[in-house]
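Contents: one structure, followed by commentary.
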Amino acid sequence: MAFTSGILAFAAPSPTLNAINDSSKVRKTITSSHISCSTSSSSSSVTSDITTIEQHEPSKKFSYSRASPSVRWPNRKEPTDNYNTDKTQFPISPTTPKIDVFEDESLTGNEIEGKVEPLEMNNETLEYPGRNSRGVAKKMTKLALKRAKDWRQRVQFLTDRILGLKSHEFVADVLDDRQVQMTPTDFCFLVKGIGKLNWQRALEVYEWLNLRNWYSPNARMLATILAVLGKANQEALAMEIFNRSEEGIDGSVQVYNAMMGVYARNGRFTKVQEILNLMRERGYEPDLVSFNTLINARFKSTPMEPNMGIDLLTEVRRSGLQPDIITYNTLLSACSHDSNLEEAVKVYKDMESNKCQPDLWTYNAMLSVYARCGLVHEAESLFKDLDSKGFVPDAVTYNSLLYAFAKEGNVDKVIKLREEMVKLGFGEDEMTYNTVIHMYGKLGQHESALKLYNDMKSRGCEPDVVTYTVLIDSLGKGNKISEAANVMSEMMDSGIKPSLRTFSALICGYAKAGKRLEAEKTFDSMVKSGIKPDLLAYSVMLDVFLRFDGGKAMMLYNNMVRDGFTPDLSLYELLIQSLNENKDCVEKIIKDMQKLCNLNPQVISSTLVKGGSYDYAANMLKNAILEGNDLDHESLLSILSSYSSSGRHVEALNLLDFLKEHSPGSDHIVTEAMIMLLCNSNQLDAAIDEYRKSRNSNSNLFTGSSSMYESLIEACKEAELFSEASQVLSDMMFIGIQPSNVIYTNVALMYCKLGFPETAHDLINRAESIDEISVYVDLIDAYGKSSLLEKAETVVKSLRERFPVVDRKVWNALIQAYASKGEYEKARAAFNTMMKDGPGPTVESVNGLMQALIVDGRLDELYVVVEELQDLGFKISKNSIVLMLEAFAEAGNVFEVKKIYHGMKAAGYFPTMNLYRVMIGLLCKVKHVRDVEAMVDEMVEIGFKPDLFIFNSLLKLYTNIEDYRKTIEVYHKIQENGLKPDSDTYNTLIVMYCRDHKPEIGLSLLNEMVKQGLDAKLTTYKSLIAAFGKLQMVGHVEELFEKVKSEGYNLDRSFYHLMMKTYRSAGHHSKSEEIFKLMKEEGIEPTIATMHLLMISYGSSGNPMEAEKVLDNLKSSGESLTTLTYSSVIDSYFKNSDYVTGVQKLTEMMTEGVKPDHRIWTCFIRAASFCKTKSEAITILKAIKDAGFDLPIKLLENSDSMVMEVDQVFEELKPMEDNAALNFVNAIEDLLWAFELRATASWVFQLAVKKDIYRNNVFRVAEKDWGADFRKLSGGAALVGLTLWLDQMQDASLEGVPMSPKSVVLITGVSEYNNVSLNTTLKAYLWEMGSPFLPCKTRSGLLVAKAHSLRMWLKDSPFCLDLELKNSVSVPEMNSMQVVEGCYIRCGLVPAFQEINERLGHVRPKKFARLALMSAEKRDKVIQADIDGRKEKLEKLNRFGGMKKTRFPKRKYVRQEAFK
């Protein structure tokens, strides 16, 4: 990962401005057989072949080819020194210690090419106006001031003074003192130096300079302050200064680039484009720095899109510029950052096609892309191929490969690779130490680097010339040029003579820092010391001069030629590009190319085009044609390609027209060139049009070469225009041109992608002999996807006949084809053949075997295969283990998944991000909360950040276990981590809020979700409708229902049932019937369940006759009726208190042959429990006794001897569906409690708990939790359970064991059971008793009591003196309970309950208990007094303006200011 960030840091344009002369152009990359140097960044051209010093240096065992430090350590960042608060005293003695130099980062940015410009001497006035010279140091002349070497001390002195100012002091107080003389260039460094620590003071200096008449702002100063503001993220100020700059000051590309850099820092691509367009409108041509800044902003603003890299390269070329190695590396780094392999390959191919020589940095970037994409095999292959490409792996290369192995989690390979590095000499000699030190520096591991450096000295390994060279070069790269100069001094003091590379490194450092004079001085010192510059040294210095002084650059070029160095084409391109405006220089360069290099006109033309001198190139080619030279096909294509890449299509067409006119017989060549030109420039549509036009007009004349057809077919393949490619192949074969193997291969690959492997196979057979294995691999894969396994076998058979050993990729492809269809036996046969005949199986082969078992569902055999393979000597890789783990996870086998996971960790395999996703996703599904939380903590400790998938899994987990607080915490973490919620996130949150009875919040999330373009699931709408229905918010329900219908969701029967239930619960029974009709109109046939809902709706509305009509309709339609439908009608009559008709319906049902079952018994028992008198209840119970079920009436008459019979009934009902046993027990409990048979109700309740009809943890005193959960209990059952629970807690509090928690929680829920609210019922019962239970403030459906208060109440309250449940001596004539407003309450409490609620509303528990126990007369007086007191208090508040006393928390000290 470190090497990738380094590439980005160097290749991306800096947000600050590189100082570039208006006349300077962007240089091409210099390449030669001895150097690897990007001339657009001279610092990258230094230590090429750094281990090959002078001839007298001893040869090293380990050498680095083309390995400059900028390539090996691209993201080395020197630590930035903190500002020293000790002020510099001025003047400074010669022995003053080293002074920090504020280097102009606009000249030395790490991210853009290190270009230097001369220090501007704009209006170098030496005196301050209006000041007496007495007491002021003697002023120097202008020339003396220029040559003075103490400018750093002057800048440092003023910097210390200004940064030391207090907040109320002004910069003018320092600058007006004139203690030192300053030039405008010095002021630039002053502004830059101050801006590093305080941009406000830097801006104050800039404004002070603008207010002085003697000072004239210049482009460099403007660029400097813009860079300072850009680093401080002060875009508005930067834009204001840019806009109000005086006319002519902004007349430099340098200023526009600086302003673009301000916006590019924050990825504001649109603003960068606006500045670029403004530059062009004002007549200034953007340079390569401009486009690099634009590219950097684009990638910061948006992730890489398909073909974005190629489009940006095309845009650069259209502007007349040629992308250099830095541009390509920028794009490849972006690809690496986005793990975009496809785009990286395209950029790399474009780089090769445009003859831009890749360096080791480029290969490291590609290796990084492979590593990030998890393509370890490709990364390792590229690493092994580096030697064949002429490169020796350096620290970055090794680190990239280490990253690939580390990402895979293959610790063994990481250790093995490090041991391999040591075996190669790393850590034993100077070069090893140098390389590893820079590796640590690149990774930012400064402590490790320092430790290694100390180890180097402690072992007596003295630094050599390479060590110093590397250090100097590294310091130069890290903007530490003063330290680099000190290292050079130490080197000289130690007696080691600097080498050519050492001088070159220091020159590059000065060039990067913008110190042209120092660079020139160092170059002169090198020459004076007797070291003759080589091609690299000349190239570096030439690059420096080309940016500042074209005259000196040309003189140095002449010296270079005089010393016998023949520039290569890349250097000529650079010269032409930089001196393009100087016609004399360009003409001399052209003559030198002809005389010194003996280059033909075609090559010269191509070089001129690449250098940007298109007119000279065109003239040279035309002159060659006019002189009678034959047109060279390849040269023409090269020129046209350059034109196309530069966006000069008009000139290219004009040139082709000229050739058609003046070059006889070149029509075919020109047409073919035109087609290939359009293909290479990604203008495939135009190329195909040109091809068709030529075919139609000259079908007998035009044939074209094989290269043209190859270009067309290759372009069609890249664009996936398979039909056009097939047509081109047909035309080619019709004409009689034999397709090449490349053409056959490309077209065959197309047919494989299209799913026509037979056609592809036929094309391969037509070719002479295709040796490219990838074609056969794709063919086998295509056969496997088409389930043509026999054809795939024939391909392998033919290859075995042709080759002694078939490539491993072919066998693996065959095994994978078998695996995709679950053919394990055939896959094992191929595996065994590999073991027998070779090549040996790989991890991919083993994974294919396992995949075959997984697809076939034979997971149990995986361990058997693993044992067999281990017995054969195979080491099971991490990939194979992960494959097994994912298979078991998909099957939901938590035990096996955990076993494999812990085994992996024990074997040293570190989990990957994907593995954590699989594990956490599975554990969340099975609700293993602790395991999930532990795994998330482990993941964070290792260094992984949870992604949106993991957060969504956590949301679903906590929602399913109803821990809504943690659900909201997870959502906040999603926002804190900057992740954008997706549809899963919103759907889960909406469901959570619906379950938490907060559908309004869920609805707001739904609206936000729709605004963001995300689709809600149908289940989400169901949850919202159900939640709003429970709250009887019918308006929201109807709105959601209409929205679902309008958006085209396919509504099923359950959705309409939900709407009918909602209307039934809200009492809108007519609307239930409308939904029933709408359901039939939509073509959904009602079922028995639908009719049941309709009948229940009629019954709830008091219309049992309508419910009976529905029953009659079912009878007439011939439906097979069950007790469910009859029970609905009977229940409707019972709710209407028409018990006689209800009993008649039972008789009618039995007459029609429907035998009563548990539904009928439960219905009758429930109705009896709500009867007002004993006689009515007995009448109902006798009816079911006559029907053959006498248990309920026996319980009322003789309850003590019924335990065995009740137990038998429970055993019969327990296995039945529809909660038969639970509903039956609840009805029995209501009956027994209502008629005061509460001892019987107690043992029935405990028997239900024992039979698991009620939950075992309905109350948990023995578990030291003391909590209780009465959800799904009826009112009577809940009161029985409450009394038993209070009795257990009373015993525990008296005995002292088990200990209670701090708070005791009673879960009542918010749902109703048969129109009885459990929450209201239990609150009324507990508050009548004066209990300390209070409603939970954060969650509905909970009652909470402090444990201490609860224990005291259980011991002292008279209501708790006797909690034993007893039967009444005789069954009372009247029902002791009554349902009032959903509350199941004793009849004696009903008047008090209604009076308190109507007159006072909700009151506190103790107040309710006090009022309930009063007589009616006294209660009336107390309530009236309370009402009068409230009115009086309200009047006082209105009279005094609603003033309230300020209350402060108890036992806390409050500052006096708080009272004011």
Side-chain angles (χ1 to χ4, degrees), residues 1199-1200 1203 1206 1225-1226 1228-1308 1318-1319 1321-1334 1342-1369 1376-1377 1384-1386 1389 1405 1409 1413:
S1199 60
D1200 294 335
V1203 177
V1206 172
V1225 175
N1226 279 338
I1228 289 291
E1229 290 291 311
D1230 287 343
L1231 177 66
L1232 296 174
W1233 185 270
F1235 291 96
E1236 299 185 7
L1237 298 176
R1238 291 169 183 173
T1240 305
S1242 175
W1243 65 256
V1244 170
F1245 185 95
Q1246 295 178 61
L1247 181 61
V1249 172
K1250 182 179 179 181
K1251 294 293 182 180
D1252 288 332
I1253 297 173
Y1254 290 154
R1255 293 187 300 272
N1256 289 324
N1257 60 348
V1258 64
F1259 31 79
R1260 302 180 294 276
V1261 178
E1263 299 175 9
K1264 301 181 182 180
D1265 179 68
W1266 281 42
D1269 187 353
F1270 291 159
R1271 287 175 296 180
K1272 295 187 178 181
L1273 301 186
S1274 64
L1279 293 175
V1280 173
L1282 178 65
T1283 308
L1284 294 174
W1285 180 50
L1286 293 175
D1287 185 54
Q1288 287 190 16
M1289 289 193 294
Q1290 187 182 60
D1291 293 342
S1293 62
L1294 292 174
E1295 296 174 5
V1297 290
M1299 295 293 293
S1300 66
K1302 292 182 179 180
S1303 298
V1304 179
V1305 178
L1306 170 59
I1307 303 176
T1308 63
L1318 201 62
N1319 188 41
T1321 299
L1322 293 177
K1323 284 196 294 187
Y1325 189 83
L1326 288 169
W1327 290 356
E1328 181 188 6
M1329 299 172 68
S1331 75
F1333 280 96
L1334 295 172
L1342 293 182
L1343 298 177
V1344 184
K1346 293 184 178 179
H1348 176 72
S1349 301
L1350 180 61
R1351 289 195 301 269
M1352 293 299 101
W1353 175 72
L1354 290 170
K1355 291 178 182 179
D1356 302 335
S1357 174
F1359 291 97
C1360 301
L1361 294 179
D1362 186 7
L1363 293 174
E1364 182 181 358
L1365 293 173
K1366 300 176 182 178
N1367 287 339
S1368 176
V1369 176
S1376 65
M1377 305 299 291
Y1384 191 61
I1385 192 170
R1386 68 181 180 86
L1389 187 63
L1413 296 177

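None of these values were measured; they are calculated from a predicted model.
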Do Thr1240 and Phe1245 pass the side-chain contact (heavy atoms from CB on, under 4.5 Å) test, and can you show the C-alpha distance, the side-chain angles, and the key distance before you say yes or no?
CA-CA 9 Å; Thr1240 305; Phe1245 185 95; over 6 Å; no
Taking all heavy atoms of Leu1247 and all of Val1203, pick out the closest pair and write down the distance.
CD2-O, 4.4 Å
At what distance, to the nearest 0.5 angstrom, does CG of Leu1363 lie from CG of Leu1284?
9.5 Å
Does a side-chain N-to-carboxylate-O contact under 4.0 Å join Lys1366 and Glu1236?
no
Could you check whether Tyr1325 and Trp1285 have their ring centres less than 6.0 Å apart?
no
Judged by atom type as modelled, is there a donor-acceptor pair below 3.5 Å linking the side chain of Asp1230 to the main-chain atoms of Gly1276?
yes
Atom CE of Met1377 and atom CD1 of Ile1385: how far apart are they, to the nearest 0.5 Å?
7.5 Å
Check whether Trp1327 reaches the backbone of Phe1333 with its side chain - one donor and one acceptor, N or O, closer than 3.5 Å.
yes
I need the minimum non-hydrogen distance between Leu1365 and Ala1239, along with the two atoms involved.
O-CB, 3.5 Å
What is the distance from atom CZ of Phe1270 to atom CG of Leu1279, rounded to the nearest 0.5 Å?
9.0 Å
Looking at Leu1306 and Leu1326, what are the two nearest heavy atoms and their distance?
CD2-CD1, 4.1 Å
Counting N and O atoms only, with roles assigned by atom type, does the side chain of Thr1321 sit under 3.5 Å from a partner on the main chain of Tyr1384, one being a donor and the other an acceptor?
yes
What do the steps show when you test Val1280 against Arg1238 for side-chain contact (heavy atoms from CB on, under 4.5 Å), and what is the final call?
CA-CA 7 Å; Val1280 173; Arg1238 291 169 183 173; 5.9 Å; no
For Ala1345, does its backbone N or O pair with a side-chain atom of Ser1349 as donor and acceptor, under 3.5 Å?
no
Just verifying a value: how many Å separate Ser1303 OG and Leu1342 CG, rounded to the nearest 0.5 Å?
12.0 Å
Do other residues, nucleotides or ligands put more than 12 heavy atoms under 6.0 Å from the NZ atom of Lys1250?
no
Apply side-chain contact (heavy atoms from CB on, under 4.5 Å) to residues Tyr1254 and Asn1226 and explain how you reach the verdict.
CA-CA 10 Å; Tyr1254 290 154; Asn1226 279 338; 2.7 Å; yes
Could you tell me if the side chain of Leu1322 sits less than 4.5 Å from the side chain of Leu1318, heavy atoms only?
yes
Judged by modelled atom types alone, do Ser1300 and Arg1351 share a side-chain donor-acceptor pair under 3.5 Å?
yes
Without swapping roles, check the side chain of Asp1269 against the backbone of Val1258 for a donor-acceptor pair under 3.5 Å.
no
With distance as the sole test, does Ser1293 use its side chain to make a donor-acceptor pair with the main-chain N or O of Gln1290 at under 3.5 Å?
yes
Calculate, to the nearest 0.5 Å, the distance between atoms CG and CG belonging to Leu1237 and Leu1232 respectively.
5.5 Å
Is it the case that the side chain of Trp1353 and the backbone of Met1329 share a donor-acceptor pair, with hydrogens and angles ignored and the cut-off at 3.5 Å?
yes
Mind checking the OG1-CD spacing from Thr1283 to Glu1364? Nearest 0.5 Å is all I need.
11.5 Å
For residues Val1249 and Asn1256, determine if any side-chain heavy atom of one lies less than 4.5 Å from a side-chain heavy atom of the other.
yes
Side-chain touch Phe1259/Trp1266, heavy atoms, less than 4.5 angstrom
no
Using side-chain contact (heavy atoms from CB on, under 4.5 Å), reason through Leu1389 and Arg1386 one step at a time and then give a plain yes or no.
CA-CA 6 Å; Leu1389 187 63; Arg1386 68 181 180 86; 3.8 Å; yes
Considering non-hydrogen atoms only, spot the tightest contact between Leu1354 and Cys1360 and give its length.
O-CB, 3.6 Å
